[in-house]
> 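First the structure, which I've put down as structure tokens, then a few questions once you've had a look.
Note that this is a predicted model, so its numbers are computed, not measured.
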Amino acid sequence: MTPWLHIVGIGEDGLAGLTPATRAVVEAADVIVGGDRHHDLSGAVKAERIAWPSPFDAMIDTIRSLKGRRAVILVTGDPLWFSVGARIGRAIDPSEITYHPQLSAFQLAAARMGWSLADVETLTVHGRPVEQMIAFIQPDARLLILTTGEDTPARIAAFLAERGFGASKMTVLAAMGGEREQRFDGVAESWSHQVPAFNTLAVECIAAPDAALLPRVPGLSDDLFRHDGTMTKQEIRAATLAKLMPMRGALLWDIGTGCGSVAVEWMRAARYARAIGIEPRADRREMAAANALALGAPRLELIAGDAPEALTGLEAPDAIFIGGGMSSAVFQAAWAALKPLGRLVANAVTLESEAELIALHKEHGGQLVKLQVNRAEPVGSLTGWRPLMPVTQWSLVKR
């Protein structure tokens with residue numbers, strides 16, 4: 001199919017920064033779609049102008065209606081790197097689109113900072129929950145973040161300071177590549193700059209001796225979660241996540257989510273991983289929501305109800321964890337919904353739920369293990385082993 005739609009990345013230097021071939025495409029356009037900033041940067045071109053609507057989904061039909069005309073969509077930087085070009089490419093066959101990339105904000109920021117992009121985490125909180133960057137706060141990490149407004153760097157500075165990374169170096173870069181380029185430098189604990197709304201933030205994470213260590217490998221300390229005592233404990237949680245196998249963009253159903261510890265760690269462990277927590281108790285849903293925000297997994301979706309009834313109509317998952325309320329009916333509904341190659345893990349601590357797992361293992365196979373954890377704790381002036389409740393774990397992969 002012949003491409004009819006051109007998606008052009010444009011920088012602060014406007015038409016002058018485009019290659020001759022790309023500039024010719026823009027100058028020959030019948031209609032140009034973009035934001036106010038993009039139209040300003042290409043103001044010398046005479047074409048019909050269309051502004052982005054809100055919500056954006058309404059624009060897809062408008063773009064499709066342009067077929068047969070010389071249509072150009074202007075975006076910032078690289079159209080396929082945290083940009084609207086990817087969204088359009090999911091709605092319109094990519095064979096109908098020609099992409100014209102420009103230097104991205106990440107490339108420009110890395111050049112300004114003297115950082116190798118290969119050694120940097122690139123993130124966006126533009127139009128997304130700012131809290132998701134918390135999962136990437138690590139000692140000596142370097143972060144490049146597309147922000148969502150003039151107050152976002154201050155919010156990120158607060159996240160850093162709260163977790164013992166107040167000495168982290170922060171640089172806000174605005175209007176890179178143009179005549180109005182600006183730079184603001186500081187540290188998280190004393191950040192006070194007023195910055196332009198459209199900016200890119202560079203963070204060099206520096207940890208204090210007492211900083212919170214929050215690795216993305218599962219097994220966070222129990223103390224990092226708000227809970228009522230009923231939760232999947234640290235050691236069991238790590239073993240559970242290993243069997244669930246978090247993967248990029250994958251969806252987890254956390255049935256009986258409790259305080260959300262498994263769902264939160266699932267989302268932290270892989271880029272764009274998602275989770276739906278099914279939990280009948282409002283107080284536990286509240287704890288799960290708070291834990292998700294505090295630990296960098298703000299996109300946790302919580303549903304009030306009991307399985308299997310609450311599972312009806314949910315998006316098919318890539319993995320399922322059953323941490324409470326296990327029964328044959330719950331398993332059958334969950335297993336039917338699970339995608340091929342999906343992973344199911346169920347933990348049991350009571351004899352009754354263990355009996356369910358043994359019966360299901362006999363019928364469906366998989367792996368059945370008994371997990372026992374002992375923690376060293378004070379016994380008077382000495383130290384002894386205190387056992388946690390043993391956990392029976394059943395896991396299997398849908399083939």
> Would Val345 and Met389 show up in the same hydrophobic cluster when neighbours are defined by side-chain heavy atoms closer than 4.5 Å?
no
> Taking side chain as C-beta onward, heavy atoms only, is Met231 less than 4.5 Å from Arg237?
yes
> Do the charged groups of Asp318 and Lys339 touch, with an N to O distance under 4.0 Å?
yes
> With rounding to the nearest 0.5 angstrom, report the CD to CD distance, Glu12 to Glu181.
8.5 Å
> Is it true that a side-chain atom of Ser168 and a backbone atom of Ile206 form a donor plus acceptor pair closer than 3.5 Å?
yes
> Between Leu311 and Ile303, is there a shared hydrophobic cluster once you connect ILVMFWY residues whose side-chain heavy atoms come closer than 4.5 Å?
yes
> Could you tell me which non-hydrogen atom of Arg268 sits nearest to which non-hydrogen atom of Ala135, and how far apart they are?
NH1-CA, 3.4 Å
> Identify the heavy atoms of Leu74 and Ser42 that sit nearest to each other, and give their distance.
CD1-OG, 3.2 Å
> How about Arg128 and Thr148: do any of their side-chain heavy atoms sit closer than 4.5 Å?
no
> Are Trp266 and Asp254 side-chain neighbours, meaning at least one heavy-atom pair lies under 4.5 Å?
no
> Quick one: closest heavy-atom pair of Pro298 and Leu293, and the distance?
CB-CD2, 3.8 Å
> May I ask you to test the Thr147-Val195 pair for a side-chain heavy-atom distance under 4.5 Å?
no
> Under 4.0 Å between a Lys/Arg side-chain N and an Asp/Glu carboxylate O for Arg375 and Glu235?
yes
> Determine whether a donor-acceptor pair (N or O, by modelled atom type, separation under 3.5 Å) exists between the side chain of Trp253 and the backbone of Ile322.
no
> Is the shortest side-chain heavy-atom distance between Gln393 and Gln367 below 4.5 Å?
no
> Examine distances only and state if a side-chain atom of Asn291 and a backbone atom of Phe225 form a donor-acceptor pair shorter than 3.5 Å.
no
> How close do Ile7 and Gly85 get, heavy atom to heavy atom, and via which atoms?
CD1-CA, 4.2 Å
> Is a side-chain N or O of Glu279 found less than 3.5 angstrom from the main chain of Gly258, in a donor-acceptor match?
yes
> Any idea how Phe331 and Trp335 line up, ring-wise: parallel (<30°), tilted (30 to 60°), or perpendicular (>60°)?
parallel
> If we count only N and O atoms by modelled type, under 3.5 Å, do the side chains of Thr240 and Asn347 hold a donor and an acceptor together?
yes
> Do Leu344 and Lys398 touch side chain to side chain, with heavy atoms closer than 4.5 Å?
no
> Okay, side chain of His39, backbone of Ile50: is any donor-acceptor separation there less than 3.5 Å?
yes
> Quick check against the 3.5 Å criterion: does Thr257 have a side-chain atom that pairs as donor or acceptor with the backbone of Ile278?
no
> Is a donor on one side and an acceptor on the other found under 3.5 Å between the side chain of Glu96 and the backbone of Leu5?
no
> Can you tell me how far apart CG (Leu143) and CD (Gln138) are? Round to the nearest 0.5 Å.
9.0 Å
> Give the C-alpha distance, both sets of side-chain angles, the deciding distance and a yes or no for side chain to side chain contact (heavy atoms under 4.5 Å, CB included) between Ile134 and Leu295.
CA-CA 6 Å; Ile134 293 171; Leu295 294 169; 5.7 Å; no
> Between Tyr99 and Pro3, is any pair of side-chain heavy atoms under 4.5 Å apart?
no
> Between Val172 and His193, is there a side-chain heavy-atom distance shorter than 4.5 Å?
no
> Could you pull out the closest heavy-atom pair between Ala207 and Phe165, with the gap in Å?
CB-CE2, 3.5 Å
> Can you name the nearest heavy-atom pair linking Pro153 to Leu201, along with the distance?
CA-CD2, 4.2 Å
> CD/Glu27 to CG/Leu18 distance, rounded to the nearest 0.5 angstrom?
9.0 Å
> Take Ile73 and Ile63 through the test side chain to side chain contact (heavy atoms under 4.5 Å, CB included) and record every step on the way to the result.
CA-CA 9 Å; Ile73 296 176; Ile63 293 172; 3.5 Å; yes
> Should Arg69 and Glu48 be marked as a side chain to side chain contact (heavy atoms under 4.5 Å, CB included) after you check the CA-CA gap, both sets of side-chain angles, and the distance that decides it?
CA-CA 11 Å; Arg69 304 176 68 187; Glu48 179 187 347; 2.8 Å; yes
> Just by distance, do the side chain of Asn199 and the backbone of Ala174 share a donor-acceptor pair under 3.5 Å?
no
> Throw together a table of side-chain donor-acceptor distances under 3.5 angstrom for residues 115-125, partners on residues two or more places apart or in other chains.
unit_1	atom_1	unit_2	atom_2	d
Ser116	OG	Ala118	N	3.3
Glu121	OE1	Arg271	NH2	2.9
Thr124	OG1	His126	N	3.1

> Report yes or no: does Arg163 contribute a side-chain atom to a donor-acceptor pair with the main-chain N or O of Ala211 at less than 3.5 Å?
no
> When rounded to the nearest 0.5 angstrom, what is the spacing between CZ in Phe159 and CZ in Phe136?
14.0 Å
> Could you grab the distance from atom NZ of Lys169 to atom CZ of Arg142, nearest 0.5 Å is fine?
8.5 Å
> Between Val33 and Leu66, is a side chain to side chain contact (heavy atoms under 4.5 Å, CB included) present by the stated rule, with each step listed?
CA-CA 10 Å; Val33 181; Leu66 301 178; 3.9 Å; yes
> So, Asp40 and Arg37, do they make that salt bridge, N to O below 4.0 Å?
no
> Within a radius of less than 6.0 Å around CG of Asp93, do more than 12 heavy atoms belonging to other residues, nucleotides or ligands occur?
yes
> May I ask you to decide if Leu388's main-chain N or O and Gln372's side chain share a donor-acceptor pair within less than 3.5 Å?
yes
> Do the rings of His364 and Trp394 sit parallel, tilted or perpendicular, given the 30° and 60° boundaries?
tilted
